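A short write-up of the structure that comes next.
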Amino acid sequence: MKRLMDQMDEEAVGAFAACGYDGKYAHVTASNRPDLCEFQCNGALAAAKEYKKPPMAIAQEIASKLENSSIFSSVEAVKPGFLNIRVRESFLADYLCQMMDAEHYGNELADQKKTIMIDYGGPNIAKPLHVGHLRSAIIGESIKRMGRYSGHEVIGDVHMGDWGLQMGLIITELKERQPQLPYFDETYTGEYPKEAPFTISELEEIYPTASSRSKEDEDYKERAMQATYELQHGRRGYTAVLSHILNVSVTDLKKNYENLNVSFDLWKGESDAQPYIPAMIQKMKDDGFAYVSDGALVTDVKEESDTKEIPPCMLLKSDGASLYTTTDLATIVERMEKWNPDEIIYVADKRQELHFIQVFRCARNTGLIDAHTKLKFLGFGTMNGKDGRPFKTREGGVMRLSSLLEDINEEMYQKISENNTMSRQEARETAKIVALSAVKYGDLSNQAAKDYIFDIERFTSFEGNTGPYLLYTIVRIKSILKKYDQAGKHAEGEKILPAASDSEKALMLEAARFNGMIQAAFEELSPHKVCAYLYSLADAFNHFYHETRILAEEDGKRQSGYIRLLGLCKGIMETCIDVLGFSAPERM
């Protein structure tokens with residue numbers, strides 16, 4: 001189903017062509033003066049130069065040609081050559097009826113279905129999730145959902161940090177505490193225990209203890225580095241410990257991500273990329289891309305067009321150890337071999353931009369990816385407290401993600417309980433749903449690259465541009481539809497009628513904008529555009545609601561038309577919040 005804007009463009013192109021002007025000038029846009037018109041076309045101003053005619057004369061010709069348009073109710077030429085346009089109410093009503101009857105409300109799937117991998121989440125094994133992990137999870141999840149709604153095959157990979165010194169530190173500290181375990185006996189040849197020798201709570205205490213000690217005890221750090229080396233070179237007992245660490249951590253991570261309504265198709269980590277490193281490095285050497293500099297193996301990635309210094313990409317440290325860069329490159333090799341994606345999107349802190357510039361250039365220069373494969377980096381800003389600094393606990397420490405969600409759930413529960421309209425259990429369940437909308441919408445409504453202030457009081461408000469406001473709007477629509485049904489009335493088969501008021505037409509225009517909106521937002525990796533649309537639609541509905549006696553309307557046809565319009569708006573809003581990663585309760 002064609003977008004409303006595309007149909008208006010075609011109508012304008014026909015008029016320009018009929019008057020002898022190139023259709024390239026006939027682009028219709030939303031009005032920047034909604035008090036004067038709904039849409040506008042400024043093509044006459046540009047066409048005037050080519051055709052050496054006054055722009056006003058051209059605009060008047062076009063307006064005259066569109067006088068009997070089936071799409072436009074009025075096209076007015078105004079100085080110095082603008083075309084002010086209004087849409088015909090009957091055409092708009094028909095368009096919404098088509099949306100209502102079409103699959104996905106008329107949204108066409110992408111012309112070319114792509115296989116897209118999204119690398120987001122990035123938690124470190126044996127560490128609890130903290131607020132710093134929030135943005136990657138929320139933004140990545142919404143982009144994954146947007147891509148799928150647009151018709152692509154999208155694969156989400158959590159890409160855990162499960163390699164490097166942190167693993168050696170855990171192994172060393174565990175050996176200190178329980179040296180009798182079979183994992184540390186190099187002569188042991190039997191089966192290792194199936195149960196891990198630690199719980200998630202113990203594991204989360206082991207790592208910081210080991211990390212702190214390594215900074216003060218040089219011998220301890222040397223032992224941890226040796227353990228890391230032996231793990232990376234396949235020591236059997238240490239590999240078994242790593243498996244326990246992964247199993248315990250992943251089980252806990254899945255619970256935490258589930259609370260955020262975030263899920264991954266792949267639970268791979270840096271360790272999964274290790275088997276691909278030797279052959280990758282050897283090929284880079286053989287092809288003449290890799291060379292030794294100050295003992296380390298590097299490859300050049302700078303380009304003549306660079307306006308700032310881009311240092312060589314380091315592949316191996318002087319001791320032969322791999323780095324974050326090495327692992328990311330080897331992961332690309334694995335992804336190309338197993339999935340051959342058309343795109344790989346990385347969602348990470350924008351301060352990692354240089355790292356991804358180096359990785360992307362290295363991957364392309366050395367032939368790790370096919371010519372058709374695109375590598376994209378979506379860098380996000382920091383989540384700050386009211387003081388403008390990175391969000392912390394009251395004590396100044398890094399806040400656990402679970403603690404943040406608990407705080408917001410409690411805040412929401414207190415607000416919902418004040419109404420005394422539901423049981424304690426229902427209030428708790430509703431609070432959890434609404435709190436998640438507060439967190440996710442509070443984040444996603446901001447442009448990803450920008451820093452933003454995480455203000456719990458504002459985000460949990462039922463007024464303004466917030467998640468709870470949007471859910472309250474959906475619940476209000478649900479309530480109207482339920483009351484209509486309870487009155488024994490049925491609107492199935494009825495049509496949306498041409499608007500009878502300005503507020504109704506404004507709502508209908510917003511609903512019509514949904515067609516193609518999510519796909520456009522996905523192409524730009526911009527969840528905030530879905531949020532902006534959702535808020536505009538909710539605002540338009542509430543203006544219509546306050547000005548219209550929907551359930552008291554005496555004209556049955558008019559009332560059923562209202563109900564059909566509300567049903568369409570509800571479906572659109574529920575689709576949008578699902579794409580953003582949250583849902584609406586039945587009542588609030």
Side-chain angles (χ1 to χ4, degrees), residues 1-4 92-109 142 145-151 261 433-434 436-437 440-441 444 467-486 489-499 503-522 527 529-545 548 550-551 559-588:
M1 183 175 171
K2 287 182 182 177
R3 296 186 314 132
L4 180 67
L92 183 57
D94 287 344
Y95 186 84
L96 293 184
C97 286
Q98 291 176 49
M99 280 182 65
M100 193 164 50
D101 294 336
E103 190 175 359
H104 294 300
Y105 303 111
N107 280 276
E108 295 180 358
L109 301 182
S142 66
R145 291 171 179 237
M146 288 162 60
R148 288 176 177 172
Y149 187 81
S150 301
N261 197 22
I433 295 171
V434 181
L436 186 60
S437 80
K440 287 199 164 187
Y441 189 84
L444 294 171
Y469 167 75
L470 297 173
L471 296 196
Y472 189 75
T473 301
I474 294 173
V475 168
R476 173 175 276 169
I477 295 175
K478 285 182 177 182
S479 176
I480 295 170
L481 297 178
K482 186 176 181 180
K483 288 177 181 176
Y484 181 83
D485 286 342
Q486 289 174 339
K489 299 179 180 180
H490 303 284
E492 290 83 1
E494 298 293 341
K495 290 188 173 184
I496 296 173
L497 300 181
S503 63
E504 185 179 8
K505 189 176 185 184
L507 175 59
M508 293 169 76
L509 285 169
E510 283 298 331
R513 280 206 308 124
F514 177 67
N515 196 336
M517 180 275 299
I518 291 178
Q519 187 172 330
F522 173 69
K529 293 194 172 181
V530 178
C531 295
Y533 169 75
L534 188 52
Y535 179 61
S536 294
L537 180 60
D539 231 21
F541 164 74
N542 282 309
H543 278 103
F544 168 70
Y545 169 79
T548 309
I550 300 170
L551 293 175
Q559 187 182 58
S560 63
Y562 288 158
I563 295 301
R564 293 290 273 169
L565 176 58
L566 263 60
L568 175 62
C569 290
K570 169 181 167 289
I572 289 172
M573 293 186 74
E574 287 178 329
T575 298
C576 287
I577 64 173
D578 181 66
V579 160
L580 296 174
F582 55 93
S583 58
E586 287 305 306
R587 63 190 191 121
M588 287 168 66

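This chain uses plain numbering: 1 for the first residue, then up along the sequence. Quick caveat: nothing in here was measured; it's all calculated off a predicted structure.
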Neighbour count >12 (heavy atoms, 6.0 Å) for atom NE2, His543: no
Value rounded to 0.5 Å, distance of CZ in Phe582 from CG in Leu444: 7.5 Å
Criterion side-chain contact (heavy atoms from CB on, under 4.5 Å) against Met573, the qualifying member of Leu471, Asp578, Ile474: Ile474
CA sep, side-chain torsions, deciding dist, call: Glu494, Ile563, side chain to side chain contact (heavy atoms under 4.5 Å, CB included): CA-CA 9 Å; Glu494 298 293 341; Ile563 295 301; over 6 Å; no
Residue Tyr533 excluded, over 12 heavy atoms near OH under 6.0 Å: yes
Pairwise side-chain contact, Ser437 with Ile577, heavy-atom cut-off 4.5 Å (strictly under): no
Reference residue Lys478; test side-chain contact (heavy atoms from CB on, under 4.5 Å); the match among Met588, Glu586, Arg587: Glu586
Qualifying residues under side chain to side chain contact (heavy atoms under 4.5 Å, CB included), relative to Gln519, sequence neighbours excluded: Ala110, Ser150, Glu523
Approximate separation, where rounding is to 0.5 Å, of Asn107 CG and Arg3 CZ: 10.0 Å
Minimum-distance pair of heavy atoms, taken over all atoms of Lys2 and Tyr95: O-OH, 2.7 Å
Residue pair Tyr105, Asn515: steps toward the side chain to side chain contact (heavy atoms under 4.5 Å, CB included) verdict: CA-CA 7 Å; Tyr105 303 111; Asn515 196 336; over 6 Å; no
Rounded distance (nearest 0.5 Å) linking atom OH of Tyr562 with atom CD of Glu504: 5.0 Å
CA sep, side-chain torsions, deciding dist, call: Tyr545, Ser503, side chain to side chain contact (heavy atoms under 4.5 Å, CB included): CA-CA 9 Å; Tyr545 169 79; Ser503 63; over 6 Å; no
From Asp94 atom CG to Leu497 atom CG, the distance as rounded to the nearest 0.5 Å: 10.5 Å
Distance (rounded to the nearest 0.5 Å) between Met508 CE and Leu92 CG: 4.5 Å
Side-chain heavy atoms of Tyr469 within contact of Asp539, under 4.5 Å: yes
Glu103 atom CD, over 12 foreign heavy atoms within 6.0 Å: no
CA sep, side-chain torsions, deciding dist, call: Leu96, Arg564, side chain to side chain contact (heavy atoms under 4.5 Å, CB included): CA-CA 10 Å; Leu96 293 184; Arg564 293 290 273 169; over 6 Å; no
Close side-chain approach of Pro527 and Met146, heavy atoms under 4.5 Å: yes
Check against ring pair (Phe, Tyr, Trp, His ring centres under 6.0 Å), Tyr149 and Phe522: CA-CA 9 Å; Tyr149 187 81; Phe522 173 69; over 10 Å; no
Ser536 side, atom OG; Arg513 side, atom CZ - distance, nearest 0.5 Å: 5.5 Å
Where Ile433 and Pro585 come nearest, the two heavy atoms and their spacing: CG2-CD, 3.8 Å
Contact check, side chains of Arg476 and Asn542, non-hydrogen atoms, under 4.5 Å: yes
Listed partners of Glu108 passing side chain to side chain donor-acceptor pair (under 3.5 Å), at least two apart: none
Tyr441: partners by ring-ring contact (aromatic ring centres under 6.0 Å, His included), with sequence neighbours left out: none
Lys483 side-chain N/O to Leu551 backbone N/O, donor-acceptor pair under 3.5 Å: no
Shortest non-hydrogen contact between Leu568 and Ala511, atoms and distance: CD2-CB, 4.4 Å
Heavy-atom pair of closest approach, residues Val530 and Ala521: CG2-CB, 3.9 Å
